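The analysis underlying the following values was restricted to heavy atoms, covering all of them including side chains, and did not include hydrogens, waters or symmetry mates. In this text the structure is predicted, and so the values were computed from the model without any measurement.
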Amino acid sequence: MAQPSAAGELDAVRLENELLEQWKSEQAFDSSIQNRKDGAPFIFLEGPPTANGKPGIHHVVARTYKDLVCRWKTMEGFKVERKGGWDTHGLPVEIEVQKRLDLMSNEAIQQFGMDAFNQACRESVWTYEAAWREMTERMAYWVDLDNPYVTLDNNYVESCWWALKQMFDKGYLYRGHKVLPYCPQTGTSYSSHEVALGYKEVEEPSVYVKFKLTDEDASILAWTTTPWTLPGNVGLAVGPEVTYVRCRVKEAAGESWTGSGGADVGEELILAKDLMKEVLRHHVEIIEEFPGSTLVGRSYEPLFPDAVPRKDSMTAWTVLEADWVTTTDGTGVVHTAVMYGEDDYNLGMDAGLPAHHTVGMDGNFIEGTHPELDGIYVKDCDATIIGLLSAAGGSNGKGPKSGLLYREKEYSHDYPHCWRTDHPLLYYAMDSWFVRMTAVKERLLEFNDEVEWAPDWVGEGRFGEWLRNVKDWAISRERYWGTPLPVWRTEDGKMKCIGSIAELQEEVAKAVAAGIENPECPDDVDLHRPIVDGFTLLSDDGQPMHREPFVMDCWFDSGCASFAQWHHPFDGGEQFDASFPVDYICEGVDQTRGWFYTLLAVSTTVFDSKAYKRCLSLGLILDAEGKKMSKSRGNIVDPWDHFNREGADATRWYMVTAGAPWNPLKFDSNGVRETYAKMFLTLWNVYKFHADYAALDGFDPESSSSDPAQRPELDRWVLSRLNTVATEYHDGFVNWQFHKACRDLEDFIVNDLSNWYVRRSRRRLWDEAESGDKLACQHTLHEVLTTLCRLIAPVSPFMVDIIHRNLTGSAVHQSDWPLGIPGTIEGATADHWDEAAAKATASLPPHDPALEASMNLVRELAEAGRRVRIDNNRRQRLPCSKGFIVAGPDLSAFHDLLAEELNVEFIQVENDLDRFQRIELAPNFRALAPKARANVNDVANAIKSSEDPVGLLAEIDAGTATIMDIAIERSDVEVKRVEREGFAAQTVEVTHGETTSHVSLVLDMNDTPELLSKGMARDITRRVQARRKTLDLALEATIELEVWMENAPAMMAADEEWVATETRTAACVFHPKGASPPAGAERFEVDGTVVHFTVV
RNA sequence: GCGCGGGUGGCUUAGUCGGUUAGAGCACCCGGCUGAUAACCGGGAGGUCGCAGGUUCAAGUCCUGCCUCGCGCACCA
């Protein structure tokens, strides 16, 4: 029944594609959850991607880690449901549609019709859904894409409304007028976490401008990097404590002065004393010094007299004081344009400056600002403004002959840009809605402390720092496609927040009853613009209320995912209660200010709870050169390149082993190939070795048995190694060290399993007769392979399922984790379970550390033997009569194995250590240093270079050894035994727990006729085998062999026979000396012997 | 500018409490081994451990400053 069939050649891509079909028809994903329906729940929450962009390799990375943990936990017995999700609202969608329909302004959209526009958005959302689905399925990310949560669904939106109403009722939601980063191209303001996405270094003209005082012939100098804000200037701010100077220009500027601006001799300028050197390009004399406070109240000439109406402001175009003014930049005087800077705005409101826009929402100067500027995009006006200022008398005609520009300087700094359109953002005063995050800061920090972050420094450092500086969340957008802000407002500011469709219907009915006309509001009313804009509600005092014309920041939508995915609180109450807060989320580190934050922000303000318990924050994906992958760079790696070449297994394994999950991953296509060749090919060949012989022999693991305790050392060794490696692997998973876990497991497969166990076991399976030894080997391979399959399954799910199915008849993804299934234990939760009970469910082979240590030594000795031969020029195939093992633990159980590996006739244990070894003493610095202090090096040298180490050691043991007045004790030195010169020997150092010992291997280099004959037989055999292979003969095919030799050792009959048997020769002829070989015979030469042979 | 994380042979990387020969893989060269795979084994070449100071008997490791890359922050006027 579970009898394996032969493996066949590996075609990873075909294998994976066929398996995908099988999984689909078996509903493997679904049953993997159903199998655990009684298990403790482990709650995963999928961060919703946007389906209107193509999935790239970085999505594969994130999905690998999501999938890995979910599969692992499932195997551990937990019930891990995985609802897919799609983020469907917001700017990315709108921009895509705007581009396609050529609607690059808000007017254009409104002309086109909001209704039609939103319909286009709704469709555009799914542009790449098929591509996402294909990628997701192909990489075997198991997630329920058939019942995903979708942020545009009415139910989802209704839950978001509900959440907003909770905030509203708690007083966290408020309407404000603030200066916000604003993008005129998209016509929307941004929240700080969106701004953070778009900082770019730019070089811009900065200008030093003269503000001519009205009552005397002097100008105050101020600096700005945004010349376009100058028409809006209505004030200057100085630090009251800062020392300013008034100085007079003594002589014209030097030749080196370039660029616009300047000053005449005799002109008087005012600026901070500290910044004179930095700013001034003229020789000046200081006329007076004074604190900023004496400047306060002075008035100056507006730069652009018609740009801002004074209205009733008493303080416009005067000097104000502000304590945040410093002398680190500029002139120590801050140009204040009320509407275009946060500080400016606050200062302006306090001081009563006129709040008047000189720039429209489209980013162009408003009519009436200045004839040369009106209607032009502000960022295109730098040169014009500089020109106007520089004219004689300046832009207002009241300045000095030299104009109002003192100096121009290119200035490079990081400036926020729109993360969608790449345009510079303008700080712009506007109406907006906020969530009062500052009110819950302490709670945010407390909840964050409870989250298990991987790596911890993202939580403590990066995210913690963000929370400690938390700002109120600007959640409204002047856009069309999104969750509408459910707040209705009267003209005089009375407000209602609607938290459900039912409530909306109720309010609409009320309004209709009061005679306000309204469209129908059915149960399935579409909760989008413009439908919701059409409803007019009634305030408690009988006034009409209109909806605030905003949509929500789309990050708010995804921040509601933990409950909105269940339509909480309207539906799915139990499901929500049982799954909040979630156990695990995993996204790129770029989500720190994105989803990681909004999830916590929403859960804190709505539920006063954290939203997730564990968060794996992944590093950025870079290209092979270490550059960020981006469409514009054209260095995006298409996952299909690898899915179709090395397969998803290798791609996933590569990603996990390439580095720690939180480190930036340099994605190297070669690395995927290497992983395929090393890890998966090796695994397949080990499996093939087992399966092919198992099929041949009709091996059935269930109908035969082999007591592990009775198996040969080699078997018990590999099983113990498996135990050790599996345990460490599991610990790695627990500690998020997936990379280390997988690297070690790969090393086990390649080194221990393939290169030692299988290599050493090959002949055991060639035996055609049934034997206990063969059975032991088959059972061992069976156990090792099935356990490996289960360990690898969460990371790379394909090949191991094929192997597991063929070996056991069951799917690996329905099987149990070899280290136990805590999820099935009575009373277990995702966080706690009975450790002892969990251990009892583990299924690992016996652990035998002593055996592992011995085998380790054996392997070292085998390697030492090869070194000895190379050092002594003795070819590997020529046997030695004796090999001596000097010192070390008892290895008699491995003598046969060693003899074969070393190609010696006989292993002898040498008890007289001094026959082949001598002693070396090495200083133990750690012990010596405290005693010898500064002399430690001299003492150490004396010990190292001792002429008579044996004598010295004897003195030390007798307690009479003294070097440089320091008594040397046994613990001050390490005794090393090394091979004596003149022998064909090598010494290896082995550590057995605390103690290290030195074991030497000595080979007897003397030849005998028997040895020479044997060696020659092996050489001939090896050449004939190679010939068989090139002739592509079947394994069981027999041949006819003829051999001619010159200058050869005499061949023993037994050796000639051995050649015949090994090479499956029916008729073997060794021609006598002197016979000449036919032309075309194979020829080779070894140690002076020339051999010809023919194979027929 | 401030904060975090890096910088180790051509490439990728390990390096614990500071301990004296800085370890591995890929690639390269030489040799060996193989009815064993795209393999394996041995050896070799290749390193100013970003730079400069400092602490120490001893620094890749600790301290200070600087350079550089990445990420994050922002009241930058």
Asker: Measuring from the side chain of A:A929 (C-beta onward, heavy atoms only), which nucleotide among B:rC57, B:rG15, B:rA77 has the closest atom?
Answerer: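 So the nucleotide nearest the side chain must be B:rC57.
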Asker: Looking only at the side chain of A:R593 (C-beta and beyond, no hydrogens), which of the listed nucleotides B:rG72, B:rA38, B:rG35 gets closest?
Answerer: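 Of all the options, the side chain of A:R593 is nearest to B:rG72.
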Asker: How far, in whole Å, is B:rU64 from B:rA59 if one measures between their C1' atoms?
Answerer: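 15 Å, rounded to whole Å.
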Asker: Among A:W453, A:Y597, A:W466, which residue meets the side chain to side chain donor-acceptor pair (under 3.5 Å) test with A:N448?
Answerer: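 That would be A:W453.
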Asker: Under a 3.5 Å cut-off for both contacts, is B:rC62 paired Watson-Crick or G-U wobble with anything, and if yes, with which nucleotide?
Answerer: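 Pairing partner: B:rG54.
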Asker: Tell me which nucleotide among B:rA77, B:rA38, B:rG32 gets nearest to the side chain of A:L681.
Answerer: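 Among B:rA77, B:rA38, B:rG32, the one nearest the side chain of A:L681 is B:rA38.
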Asker: Return yes if some donor-acceptor pair links the side-chain N/O of A:D649 with the main-chain N/O of A:M799 below 3.5 Å, else return no.
Answerer: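 Yes, A:D649 side chain to A:M799 backbone: donor-acceptor pair under 3.5 Å.
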Asker: Quick check on A:K976: does its NZ atom have over 12 non-hydrogen neighbours (other residues, nucleotides or ligands) under 6.0 Å away?
Answerer: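 Open.
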Asker: Take atom P in B:rA39 and the same atom in B:rC51, then report the distance between them in whole Å.
Answerer: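 One P to the other, the span is 36 Å.
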Asker: Hunt down the Watson-Crick or G-U wobble partner of B:rA14, both distances under 3.5 Å, from any strand shown, or write none.
Answerer: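 No nucleotide pairs with B:rA14.
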Asker: Per the side chain to side chain donor-acceptor pair (under 3.5 Å) rule, which among A:E863, A:R867, A:R866 passes with A:Q986?
Answerer: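 Between A:Q986 and the candidates, side chain to side chain donor-acceptor pair (under 3.5 Å) is satisfied uniquely by A:R867.
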Asker: Please report, rounded to the nearest Å, how far the C1' atom of B:rG70 is from the CD1 atom of A:I621.
Answerer: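 From A:I621 CD1 to B:rG70 C1': 13 Å.
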Asker: If B:rC73 has a Watson-Crick or G-U wobble mate with both distances under 3.5 Å, name it; if not, just say none.
Answerer: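 Looking at the geometry, B:rC73 pairs with B:rG1.
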Asker: Choose from B:rG3, B:rU37, B:rA77 the nucleotide whose nearest atom is closest to any side-chain atom of A:E465.
Answerer: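 It is B:rG3.
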Asker: Between A:H642 and A:F667, is any pair of side-chain heavy atoms under 4.5 Å apart?
Answerer: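 SC-SC contact between A:H642 and A:F667 confirmed.
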Asker: NA contact type, A:R1022, heavy-atom cut-off 4.0 Å: base, sugar-phosphate, or nothing?
Answerer: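 If one applies the 4.0 Å heavy-atom cut-off, A:R1022 turns out to touch a base.
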Asker: May I ask you to say what A:R1018 touches in the nucleic acid, namely base, sugar-phosphate or nothing, with a heavy-atom cut-off under 4.0 Å?
Answerer: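 The answer is sugar-phosphate, as A:R1018 gets under 4.0 Å only of primed atoms, P, OP1 or OP2.
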Asker: Is the terminal nitrogen or CZ of A:R762 (NZ for Lys, CZ for Arg) located under 6.0 angstrom from the six-membered ring centre of A:F689 and within 45° of that ring's axis?
Answerer: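 Judged by the rule, A:R762 and A:F689 form a cation-pi pair.
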Asker: Counting heavy atoms from C-beta on, name the nucleotide in B:rC17, B:rG72, B:rG15 closest to the side chain of A:R926.
Answerer: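 Comparing B:rC17, B:rG72, B:rG15 against the side chain of A:R926, the answer is B:rC17.
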Asker: At under 4.0 Å between heavy atoms, what does A:K678 touch on the DNA or RNA strands: base, sugar-phosphate, or nothing?
Answerer: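 Sugar-phosphate, backbone atoms only, no base.
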Asker: Could you please name the option among B:rA39, B:rG42, B:rC57 that lies closest to any side-chain atom of A:E863?
Answerer: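 Nearest listed nucleotide: B:rG42.
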Asker: If you look at every strand shown and take non-hydrogen atoms under 4.0 Å, does A:T229 touch a base, only sugar-phosphate, or nothing?
Answerer: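 The residue A:T229 makes no contact with any strand.
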Asker: Which of the following nucleotides, B:rU37, B:rG15, B:rA77, is nearest to the side chain of A:N685?
Answerer: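 For A:N685, the side-chain atoms sit closest to B:rU37.
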Asker: Could you tell me the separation between the CZ atom of A:F211 and the C1' atom of B:rA77, rounded to a whole number of Å?
Answerer: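 Answer to the nearest Å: 11 Å.
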Asker: Now, which nucleotide makes the Watson-Crick or G-U wobble pair with B:rA22, with each of the two distances under 3.5 Å?
Answerer: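 Partner of B:rA22: none found under 3.5 Å.
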Asker: Nearest to the A:W223 side chain among B:rG72, B:rA77, B:rA14, which nucleotide is it?
Answerer: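 Of B:rG72, B:rA77, B:rA14, B:rA77 is nearest to the side chain of A:W223.
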Asker: Taking the P atom of each, how far is B:rC2 from B:rC66, in whole Å?
Answerer: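 Here B:rC2 and B:rC66 have their P atoms 8 Å from each other.
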Asker: Quick check on RNA chain B: between A:E1062 and A:H739, whose nearest nucleotide comes earlier from the 5' end?
Answerer: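 By nearest-heavy-atom nucleotide position, the 5'-most residue is A:H739.
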Asker: How far does the C1' atom of B:rC49 sit from the matching atom of B:rA22, given to the nearest Å?
Answerer: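 Pairwise C1' distance, B:rC49 against B:rA22, rounds to 8 Å.
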Asker: Report yes if at least one side-chain N or O of A:R867 is closer than 4.0 Å to OP1 or OP2 of B:rG43; otherwise report no.
Answerer: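 The answer is yes; a side-chain N or O of A:R867 sits under 4.0 Å from OP1 or OP2.
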Asker: Under 4.5 Å between any side-chain heavy atoms of A:R760 and A:E900, yes or no?
Answerer: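 Yes. Closest side-chain heavy atoms under 4.5 Å.
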Asker: Does B:rG31 have a Watson-Crick or wobble partner in any strand here, with both distances under 3.5 angstrom, and which is it?
Answerer: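 B:rC41 - that is the nucleotide pairing with B:rG31, both distances being under 3.5 Å.
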Asker: Contact class for A:E674 (heavy atom, under 4.0 Å): base, sugar-phosphate, or nothing?
Answerer: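 Sugar-phosphate, backbone atoms only, no base.
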Asker: Compare side-chain N and O positions of A:N751 against OP1 and OP2 of B:rC41 and report whether any pair is under 4.0 Å apart.
Answerer: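 Answer yes for this pair, as a side-chain N or O of A:N751 is under 4.0 Å from OP1 or OP2.
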Asker: Is any side-chain nitrogen or oxygen of A:T224 closer than 4.0 Å to OP1 or OP2 of B:rA77?
Answerer: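 Answer is no, no contact under 4.0 Å.
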Asker: Just checking A:D343: base, sugar-phosphate only, or nothing, at a heavy-atom cut-off of under 4.0 Å?
Answerer: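 Sugar-phosphate contact only - A:D343 comes under 4.0 Å of backbone atoms but never of a base.
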Asker: Which one of A:Y428, A:Y427, A:Y345 satisfies the ring pair (Phe, Tyr, Trp, His ring centres under 6.0 Å) criterion with A:Y340?
Answerer: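 It is A:Y428, the one option of A:Y428, A:Y427, A:Y345 that forms the ring pair (Phe, Tyr, Trp, His ring centres under 6.0 Å) with A:Y340.
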Asker: Side chain of A:Y676 only, heavy atoms from C-beta on: which candidate in B:rG43, B:rA38, B:rG32 is closest?
Answerer: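 Closest of the options to the side chain of A:Y676: B:rA38.
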Asker: Looking only at the side chain of A:N937 (C-beta and beyond, no hydrogens), which of the listed nucleotides B:rC40, B:rC57, B:rG35 gets closest?
Answerer: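 When the side chain of A:N937 is considered, B:rC57 is the closest of B:rC40, B:rC57, B:rG35.
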Asker: Roughly how many Å apart are B:rG72 and B:rA77, using the C1' atom of each and rounding to a whole number?
Answerer: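 23 Å, rounded to whole Å.
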Asker: Say you pick atom P in B:rA24 and the same atom in B:rG1; how far apart are they, in whole Å?
Answerer: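 After rounding to an integer number of Å, I get 41 Å for this pair.
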Asker: Could you check whether A:E342 gets within reach of a base, just the sugar-phosphate, or nothing at all, counting any heavy atom under 4.0 Å?
Answerer: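 Touches nothing.
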Asker: Quick one: A:W662 CH2 to B:rG72 P, roughly how many Å, whole number?
Answerer: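 About 19 Å, once rounded to whole Å.
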Asker: Using the P atom on both, measure B:rC69 against B:rG54 and round to a whole Å.
Answerer: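 It works out to 27 Å between them.
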